[in-house]
Trainee: 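If you scroll down you'll find the structure; I have some questions about it.
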Amino acid sequence: MPETPTAAELPAPPRRRRRHGRARAVFSSALATALLAAPGALPAVADGPAAAPLKVMTRNLSFGADLTPVFRATSGTELVQAVTAAYKNVQDTDFPERALALAGEIAGKDPQLVGLQEAALWRSQTPSGPGAATHVEYDFVDILLRALAARGRHYAVVASVTDGDYEAPRATPSGLQDVRLTDRDVLLARTDLPRAYFSVGAPRSGSFAARVTLTSPVLGTVVVPHGWVAVDATVRGRTTRVVSTHLETLSPAVQVLQARELLDGPLNTRLPSVLVGDLNSAAGGVGAEPGRTDTRTYGDLLAAGFTDAWTARHRGNPGFTCCQDASLHNTASTLRQRIDYLLFRGGLTALAAGRVGARPGDRTPSGLWPSDHAGVWGVLQPR
């Protein structure tokens, strides 16, 4: 599979002064948790070859709408009605407000890398007509980066891939308007850590050869692409390959092939490796949706030598991550399956792992869940 470079190595960030009294090395889950509870401070390690932990998070942002009715529309009128309803849901789920909660989650756990799925770019064109919509309505990545910067956390996009680009008309009081969704997978990396402590290199991305093709009575043939992003992350001289992805949910067979492409592609490395993302494969089949998340993908990855950071630290706890109502306004959590993961192999140990955005108290002031998924974070120690 061809790989497309997407960014150069991060520029050297400004050096911070170390705070006194930090632990000199981290070797236990308790110390890893303490490290996460003190975001903003650089983890100090003893002089010499002692390795420092890699902190990673995965977060499906929810692009704010269920597009199923759009693809099922059987007439132009139904299409406009479906797009109008979907975009209203995007507006009602208010990503700028949700981004404040998401930035709080990330700042609270202080990961060096964050894998984002459904990192939407919503654009419009008024009036509806020929050509692609270019007026930006919501750029989820830009909004989130600004919310993080307001909290004193500085990240940059180091790899990105487009998972789909769709455009259709909606009704407005002044006539038809084209609405365009560009769905992206993105990797964010910290830019405010000394380069001698943390850096990323070899950024790359790719689209899966295995993909679903839909036939819409109105839209015609629609290809649904998915892809992956990756970097080699170095923390205190130890390098790990980190891959983030969002696998297919419309076809279990296609999803399994996509996972095999990961194993044969970016995960085919002698480096320690980490895979994060929304894999749409229910752990142990618990809560799985027939024909969608009841797949063998999770088991195949474990059979390929990966360890699940969540089960390594929380045996017996289902740790559900999906899914809240599409409106994001449900009061009681409806998470019932675990499909978002942090998996690792090759000389790494999970010191800690947890979820964010899973409790009612994590909702925004207006009552929105930060996303329809919970996020997963982990602290991985090189051995």
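In this chain, residues are counted from 1 in sequence order. Heavy atoms only: backbone and side chains are in, while hydrogens, waters and symmetry mates are out.
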Trainee: Run the numbers on T331 and R363 for side-chain contact (heavy atoms from CB on, under 4.5 Å), then give the verdict.
Mentor: CA-CA 9 Å; T331 302; R363 292 178 298 168; 4.0 Å; yes
Trainee: F63 vs F95, test: ring-ring contact (aromatic ring centres under 6.0 Å, His included). Steps then yes/no.
Mentor: CA-CA 8 Å; F63 47 63; F95 188 76; over 10 Å; no
Trainee: Just by distance, with hydrogens left out, do T215 and T221 show a side-chain donor and acceptor under 3.5 Å apart?
Mentor: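 The criterion, which ignores hydrogens and geometry beyond distance, is not satisfied for T221 and T215.
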Trainee: L61 versus Q117: any side-chain heavy-atom pair under 4.5 Å?
Mentor: no
Trainee: Run L250 and L214 through side-chain contact (heavy atoms from CB on, under 4.5 Å) and show every step you take.
Mentor: CA-CA 10 Å; L250 298 177; L214 303 176; 4.2 Å; yes
Trainee: State, without any angle test, whether T77 and S75 hold a side-chain donor-acceptor pair at a distance under 3.5 Å.
Mentor: no
Trainee: Do the side chains of E105 and R59 get close enough for a salt bridge, i.e. N-O under 4.0 angstrom?
Mentor: yes
Trainee: I'd like to know if L219 and V80 are part of one continuous hydrophobic network [Ile/Leu/Val/Met/Phe/Trp/Tyr, side-chain heavy atoms within less than 4.5 Å].
Mentor: no
Trainee: Which heavy atom of R345 sits nearest to which heavy atom of L267, and what is that distance?
Mentor: NH2-O, 2.9 Å
Trainee: Which atoms form the tightest heavy-atom contact between S207 and V161, and what is the distance?
Mentor: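 That would be OG-CG2, 3.9 Å.
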Trainee: Please report the closest heavy-atom contact between L176 and A171, naming both atoms and the distance.
Mentor: CD2-CA, 4.1 Å
Trainee: So, do R211 and H226 sit near enough that their side-chain heavy atoms are less than 4.5 Å apart?
Mentor: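 No, every pair of side-chain atoms sits at 4.5 Å or beyond.
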Trainee: Among N280, T293, T295, L257, find the one that has a side-chain contact (heavy atoms from CB on, under 4.5 Å) with P252.
Mentor: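 For P252, the side-chain contact (heavy atoms from CB on, under 4.5 Å) test succeeds with only one of N280, T293, T295, L257, which is T295.
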Trainee: From the options V231, V242, V243, select the one residue that forms a side-chain contact (heavy atoms from CB on, under 4.5 Å) with P266.
Mentor: V243
Trainee: Is there a side-chain contact between D372 and D325 in this structure, where contact means two heavy atoms from C-beta onward sitting under 4.5 Å apart?
Mentor: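 A side-chain contact under 4.5 Å is absent here.
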Trainee: Would you say F71 and Y166 make side-chain contact, with heavy atoms under 4.5 Å?
Mentor: yes
Trainee: Quick one: sort the W310 and H314 rings into parallel, tilted or perpendicular, breaks at 30° and 60°.
Mentor: parallel
Trainee: Can you see whether R98 engages T364 through a side-chain donor-acceptor pair at a distance of less than 3.5 angstrom?
Mentor: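 There is no such pair (donor and acceptor under 3.5 Å, judged by atom type) between the side chains of R98 and T364.
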Trainee: Nearest 0.5 Å please: distance from the OH atom of Y298 over to the CZ atom of R338.
Mentor: 4.5 Å
Trainee: Applying side-chain contact (heavy atoms from CB on, under 4.5 Å), run through D110 and R190 and close with a yes or a no.
Mentor: CA-CA 9 Å; D110 217 25; R190 286 281 296 271; 2.8 Å; yes
Trainee: Answer yes or no: is there a donor N or O on one side and an acceptor on the other, between the side chain of S216 and the main chain of V218, under 3.5 Å?
Mentor: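 Yes, because the side chain of S216 sits within donor-acceptor range (under 3.5 Å) of the backbone of V218.
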Trainee: Check whether D362 reaches the backbone of R359 with its side chain - one donor and one acceptor, N or O, closer than 3.5 Å.
Mentor: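 Yes: the side chain of D362 pairs with the backbone of R359.
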Trainee: Looking at CG of L302 and OG1 of T311, how far apart are the two atoms once the value is rounded to the nearest 0.5 Å?
Mentor: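 Output value for this atom pair is 7.0 Å.
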Trainee: Report yes or no: do L144 and L368 belong to one cluster of Ile/Leu/Val/Met/Phe/Trp/Tyr joined by side chain heavy-atom distances under 4.5 Å?
Mentor: no
Trainee: Hey, is the main chain of V186 close enough, under 3.5 Å, to the side chain of S160 for a donor-acceptor pair?
Mentor: no
Trainee: What I'd like to find out is whether the side chain of V70 reaches to under 4.5 Å of the side chain of L79, using heavy atoms alone.
Mentor: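 A side-chain contact exists here, since the closest heavy-atom pair is under 4.5 Å.
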Trainee: Residues sharing V136's hydrophobic cluster, by side-chain heavy-atom contacts under 4.5 Å among ILVMFWY, directly or via others?
Mentor: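 Taking Ile, Leu, Val, Met, Phe, Trp and Tyr as members, V136 shares its hydrophobic cluster with L121.
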Trainee: Examine distances only and state if a side-chain atom of N89 and a backbone atom of A86 form a donor-acceptor pair shorter than 3.5 Å.
Mentor: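 No, N89 side chain to A86 backbone: no donor-acceptor pair under 3.5 Å.
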Trainee: I need the minimum non-hydrogen distance between P382 and R238, along with the two atoms involved.
Mentor: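 Between these two residues, the closest heavy atoms are CB-NH1, 3.5 Å.
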Trainee: State the OG1-CG distance between T234 and L54, to the nearest 0.5 angstrom.
Mentor: 9.5 Å
Trainee: I'd like to know if the side chain of E167 reaches the main chain of V179, judged simply by a donor and an acceptor atom lying under 3.5 Å from each other, with no hydrogens or angles considered.
Mentor: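 A pair under 3.5 Å: no.
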Trainee: Cluster question for you: counting only ILVMFWY and a side-chain heavy-atom cut-off of under 4.5 Å, with indirect links fine, are L335 and V356 together?
Mentor: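 No.
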Trainee: Does a side-chain N-to-carboxylate-O contact under 4.0 Å join R355 and D340?
Mentor: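 D340 and R355: not salt-bridged.
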Trainee: With distance as the sole criterion, is a donor-acceptor pair present between the side chains of S371 and Q324 under 3.5 Å?
Mentor: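 The answer is no; no qualifying pair exists.
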Trainee: For the CG atom of D163 and the CG atom of L181, what is their distance to the nearest 0.5 Å?
Mentor: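 The distance works out to 10.0 Å.
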Trainee: Determine the minimum heavy-atom distance between A350 and A312, stating which atoms define it.
Mentor: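 Looking at all heavy atoms of both residues, the shortest contact is CB-CB, 4.3 Å.
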Trainee: Can you list the steps and then say if S124 with E137 is a side-chain hydrogen bond (donor to acceptor under 3.5 Å, both in side chains)?
Mentor: CA-CA 7 Å; S124 67; E137 299 285 349; 2.6 Å; yes
Trainee: Answer yes or no: is there an ion pair linking D139 with R184, defined by an N-O contact shorter than 4.0 Å?
Mentor: yes
Trainee: Is the shortest side-chain heavy-atom distance between W228 and D185 below 4.5 Å?
Mentor: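 The answer is no; the side chains never approach within 4.5 Å.
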Trainee: For the CG atom of L328 and the CH2 atom of W369, what is their distance to the nearest 0.5 Å?
Mentor: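 Reported to 0.5 Å precision, the distance equals 10.0 Å.
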Trainee: Taking only Lys NZ, Arg NE, NH1 and NH2, and the carboxylate oxygens of Asp or Glu, determine whether R260 and D300 approach each other closer than 4.0 Å.
Mentor: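 So R260 does not pair with D300 through a salt bridge.
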Trainee: I need the minimum non-hydrogen distance between E248 and Q255, along with the two atoms involved.
Mentor: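 Looks like O-NE2, 2.7 Å.
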Trainee: Mind checking whether Y341 and D308 have side chains closer than 4.5 Å, heavy atoms only?
Mentor: yes
Trainee: Taking the basic N atoms (NZ, or NE/NH1/NH2) and the acidic carboxylate oxygens, is any pair closer than 4.0 Å for R180 and D165?
Mentor: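 The answer is yes: the pair qualifies as a salt bridge.
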Trainee: For side-chain contact (heavy atoms from CB on, under 4.5 Å), just list the numbers for Q381 and L348, CA-CA rounded to whole Å, side-chain angles, deciding distance to a tenth of an Å, and then say yes or no.
Mentor: CA-CA 5 Å; Q381 178 73 33; L348 297 169; over 6 Å; no
Trainee: Kindly compute the distance separating OG1 (T321) from CG (N60), expressed to the nearest 0.5 Å.
Mentor: 9.0 Å
Trainee: Between R170 and Q177, does any side-chain donor sit less than 3.5 Å from a side-chain acceptor?
Mentor: yes
Trainee: Using a distance-only test with no angle check, is there a side-chain donor-acceptor pair under 3.5 angstrom linking E97 and S366?
Mentor: yes
Trainee: Taking W377 as the starting point, is it possible to reach I339 by hopping between hydrophobic residues whose side chains are less than 4.5 Å apart?
Mentor: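 No, no single cluster joins them.
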Trainee: Would L100 end up clustered with L116 when hydrophobic side chains under 4.5 Å apart are linked, directly or stepwise?
Mentor: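 Each belongs to a different hydrophobic cluster.
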Trainee: Heavy-atom distance under 4.5 Å between the side chains of V157 and L188, does that happen here?
Mentor: yes
Trainee: Between the side chains of E289 and Q337, is a donor N or O closer than 3.5 angstrom to an acceptor N or O?
Mentor: yes
